[in-house]
Asks: 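Please read through the structure below; I'll follow up with questions.
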Amino acid sequence: MRFSELYAPTLKESPAEAEVISHKLLLRAGMIRKVAAGVYTFLPLGYRVIRKIEQIIREEMNRVGGQEILMPVIQPADVWKQTGRWDQYGPEMMRLEDRHGREFALGPTHEELVTALVMDELRSYRQLPLTLYQIQVKFRDEIRPRFGLMRGREFIMKDAYSFNANIEQLQASYSNMYDAYSRIFTRCGLNFRAIQAATGLIGGKVSQEFTVLAESGETTVLYCDACNYAASDEIATTRLPEPSTEAIKPSEVVDTPGVKSVTEVSTFLNVPETKIVKTLIYKYGAREIAAVLIRGDRDVNEEKLSALLGTTDFHLLAGIEWGDYPELVQGYVGPVGLKGARLIADNEISVMRNFVVGANKTGAHIISVNVGDDFQVQEWADVKLVKAGDRCPECDGTLLATRGIEVGQIFQLGTKYSDAFGATFVDEDGEVKPYIMGTYGIGVSRTAASAIEQHHDDNGIIWPISIAPYEVSVLVLNYDREEQKEIGDRIYGGLEERDIEALLDDRIESAGKKFADSDLVGFPLQVIVGARTIKSGNIEVKVRATGERMEFPLEQAVDKIAGTVIRMRESLKLEA
RNA sequence: CGGGGUGUGGCUCAGUUUGGUUAGAGCACCGGUUUUGGGAACCGGGGGUCGGAGGUUCGAAUCCUCUCACCCCGACCA
């Protein structure tokens with residue numbers, strides 16, 4: 001491709017709408033343009049990146065026996081009503097009607113459709129396992145789309161579904177997918193981790209997220225410094241501290257006028273926050289109240305609490321709502337003598353002794369409180385948000401925290417969808433059974449953005465060669481000079497012949513502009529054809545990632561460049 | 001949905017508080033001359049009616065009302 005013919009409008013300044021680096025650079029490099037909030041057009045360079053990622057995904061899906069299909073973007077309501085998700089999904093699912101008033105949705109995912117697809121014809125255990133996948137546009141009407149491709153409303157996703165006859169088959173499919181995902185993200189040149197994850201609305205039990213490590217990520221990842229435990233903070237757990245060995249003291253009410261928050265209590269009574277137990281009041285359902293006991297320095301993990309309460313419809317009791325519950329004394333709520341609330345205690349309380357709680361009386365706290373002596377706990381649970389410095393749940397190590405971008409997630413789903421549809425097969429033993437399903441997704445457009453988050457510098461993007469829009473840019477600094485034109489054309493032609501993807505910068509532009517654009521767009525290798533090195537019989541090659549410069553004799557240039565590209569490719573290759 | 005903010009040429013932004021000549025700058029674009037290895041210089045040029053609608057006024061980018069879009073924080077979520 002010749003740059004002079006390429007539609008790649010680069011920008012010197014980033015548009016004001018962009019916040020994160022991937023969004024800014026995608027816009028500046030002329031790879032995407034916004035159409036509406038969270039909706040983008042891919043320009044030629046951007047689309048080439050997407051297609052490269054898709055191709056890697058295809059190869060790895062096919063390798064583990066996946067078969068590619070293509071389902072529609074638009075889906076009829078009835079399949080969603082069968083699983084109940086028509087109501088569960090909420091406004092995130094974009095709904096529309098056709099001219100006859102029939103209800104449809106833009107597919108936010110395709111579990112329903114694929115189950116409905118196979119159930120009539122996938123009747124025998126002999127046909128199992130089966131894995132189907134597609135690369136398709138999805139639409140989720142995000143409350144707040146942001147960060148360009150990182151959190152769009154319309155996005156490209158690979159989704160795969162396995163239909164298995166039994167748990168062992170499911171685990172094998174899952175394990176294959178795990179391997180395929182590892183290969184995919186490795187081949188894309190990403191630094192990632194597979195972490196334990198919440199299953200949320202999709203359902204199922206076992207699930208892992210593939211997370212690209214990057215500061216701008218929206219997921220907090222906790223990982224062990226000693227073993228390979230890694231989990232999203234939504235579900236991370238921790239091993240409890242050793243039980244306190246303090247002698248139990250009798251409790252005592254003390255005056256704490258105007259002292260409400262944990263920080264204030266800690267200062268006023270001169271006790272560490274870790275010896276305070278706070279009582280958080282959540283309202284859920286119609287007007288039910290849950291009092292959640294948690295160590296003073298902790299935060300509640302509302303993801304865990306949601307699972308416990310069995311609803312997402314709950315919130316911390318807010319301002320005026322306190323008036324509805326006169327028995328609750330705002331700022332001084334405590335478990336001792338508390339009435340009218342479901343008491344949930346974080347299991348960490350169980351190892352604490354002689355702690356401080358609110359006295360359910362304005363301006364007073366109780367010190368030296370102990371479970372069993374001063375109040376009873378019926379419901380112990382893990383409701384805390386685990387943080388860096390906590391102990392690893394699986395070994396003696398300590399947990400560290402980092403941010404990550406979720407680019408893929410795999411689920412052992414079970415029979416949720418097959419049960420809902422009555423989607424069954426006949427097993428070896430003649431019994432009719434529901435398929436055991438797995439579902440496996442990769443955010444393709446998000447993967448492209450996360451690669452930029454992880455690989456960029458002040459000058460622009462640094463694409464891993466496997467997903468770069470072109471592998472080499474050939475910068476002919478003065479294309480209007482016959483000698484340079486001739487050399488540039490020859491190198492470009494030679495690279496094409498060797499199946500090296502090259503972009504010839506034949507524009508009549510200043511050298512500075514060509515360098516800047518090439519750095520910005522992020523081609524892994526720059527070949528520089530200019531008067532300075534031609535004079536000495538050489539051409540110059542720059543590695544974008546390292547800034548390393550090499551000179552090759554003109555007559556060997558094509559071979560040497562091709563050799564360099566092939567070596568770079570191989571650094572991301574995996575053995576078969 | 002709650003809170004905050006922004007809409008002025010393709011992009012970045014000034015002008016709005018205190019209404020008053022033909023609405024400005026840089027970048028980008030077009031023509032020319034000179035340049036030519038890190039977003040070149042000079043000369044000349046085209047392009048906006050100030051997000052939209054309505055209103056106030058002799059006069060509105062500027063004031064008022066309504067409305068739309070976009071961005072940020074939060075709730076929600078892969």
Side-chain angles (χ1 to χ4, degrees), chain A residues 9-20 23-24 27-28 30 33-39 88-93 108-109 111 138-153 155-159 197-202 207-212 217-219 232 234 302-303 306 312-316 318-319 404-411 439-447 450 458-460 475-481 484 505 507-521 526 528-535 539-540 542 547 549:
Chain A
T10 58
L11 268 24
K12 203 178 235 175
E13 292 174 281
S14 27
E17 72 198 42
E19 179 82 357
V20 297
H23 191 192
K24 288 182 180 168
L27 288 167
R28 285 189 53 208
R33 285 294 182 264
K34 185 174 73 180
V35 174
V39 179
Q88 279 174 33
Y89 227 106
E92 196 171 305
M93 186 156 72
T109 179
E111 280 91 9
K138 304 256 191 271
F139 195 94
R140 296 182 192 171
D141 196 3
E142 286 286 333
I143 293 174
R144 183 148 90 88
R146 59 185 127 172
F147 303 152
L149 296 188
M150 298 267 284
R151 190 170 207 74
R153 293 194 293 173
F155 55 101
I156 301 168
M157 187 167 177
K158 186 283 304 181
D159 48 317
T199 51
L201 193 56
I202 293 178
S207 173
Q208 282 165 296
E209 276 180 19
F210 285 77
T211 303
V212 170
E218 294 182 274
T219 301
S232 117
E234 291 180 350
E302 297 195 344
E303 196 76 24
S306 170
T312 54
D313 180 24
F314 66 92
H315 59 270
L316 268 175
I405 302 162
E406 183 197 338
V407 288
Q409 188 163 11
I410 57 180
F411 294 87
T439 178
Y440 318 93
I442 291 180
V444 176
S445 33
R446 182 184 280 186
T447 297
S450 65
D458 290 347
N459 295 322
L475 311 187
V476 181
L477 300 187
N478 307 99
Y479 199 75
D480 47 0
R481 291 192 193 167
Q484 290 187 31
D505 196 342
R507 295 175 299 172
I508 305 303
E509 290 282 0
S510 74
K513 165 112 174 143
K514 294 185 183 191
F515 287 126
D517 276 347
S518 189
D519 286 347
L520 174 62
V521 178
Q526 286 174 23
I528 301 154
V529 180
R532 190 190 288 170
T533 47
I534 288 178
K535 211 184 299 173
I539 58 102
E540 183 180 348
K542 186 184 102 171
R549 289 169 190 276

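All values derive from a computational prediction rather than experimental measurement. Lettering follows sequence order; numbering is per chain, from 1.
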Asks: Spell out, as yes or no, whether a donor-acceptor pair under 3.5 Å connects the side chain of Lys158(A) to the backbone of Tyr440(A).
Replies: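 Yes; judged by distance alone, with no hydrogens or angles, the pair exists.
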Asks: Who pairs with Asp519(A) by side-chain contact (heavy atoms from CB on, under 4.5 Å), at least two apart in sequence or on another chain?
Replies: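 Applying side-chain contact (heavy atoms from CB on, under 4.5 Å) to Asp519(A) gives Asn459(A), Gln526(A), Lys542(A), Arg544(A).
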Asks: With rounding to the closest Å, how many angstrom separate the C1' atoms on rU49(B) and rG24(B)?
Replies: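 After rounding to an integer number of Å, I get 14 Å for this pair.
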Asks: Classify Ala516(A) by what it touches in the nucleic acid, base, sugar-phosphate, or nothing, heavy-atom distance under 4.0 Å.
Replies: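 Contact class for Ala516(A): base.
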Asks: With sugar-phosphate meaning primed atoms plus P, OP1 and OP2, does Lys34(A) contact a base, only sugar-phosphate, or nothing at under 4.0 Å between heavy atoms?
Replies: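 Sugar-phosphate, backbone atoms only, no base.
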Asks: Is Glu19(A) paired with Arg146(A) through a side-chain N to carboxylate O contact shorter than 4.0 Å?
Replies: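 Looking at Glu19(A) together with Arg146(A), the answer is no, because their closest N to O distance does not fall below 4.0 Å.
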Asks: Take atom P in rG32(B) and the same atom in rU22(B), then report the distance between them in whole Å.
Replies: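 Result for the P pair: 35 Å, nearest Å.
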Asks: Using a 4.0 Å heavy-atom cut-off, does Glu218(A) contact any base of the nucleic acid, only the sugar-phosphate backbone, or nothing at all?
Replies: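 Nothing, no heavy atom under 4.0 Å.
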Asks: Using a 4.0 Å heavy-atom cut-off across all strands, classify Gly530(A) as base, sugar-phosphate, or nothing.
Replies: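 Base, at least one base heavy atom under 4.0 Å.
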Asks: Does Gly443(A) offer a backbone N or O that forms a donor-acceptor pair with the side chain of Lys138(A) under 3.5 Å?
Replies: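 No, Lys138(A) side chain to Gly443(A) backbone: no donor-acceptor pair under 3.5 Å.
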Asks: Assign Arg549(A) to base, sugar-phosphate, or nothing according to its heavy-atom contacts below 4.0 angstrom with the strands shown.
Replies: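 Base, at least one base heavy atom under 4.0 Å.
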Asks: How does protein contact run along nucleotides 3-12 of chain B, one letter per nucleotide 5' to 3', with B for base contact, S for sugar-phosphate only, - for none, heavy atoms under 4.0 Å?
Replies: --------SS
Asks: Just checking Gly38(A): base, sugar-phosphate only, or nothing, at a heavy-atom cut-off of under 4.0 Å?
Replies: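 Answer is nothing: Gly38(A) stays at 4.0 Å or more from every strand.
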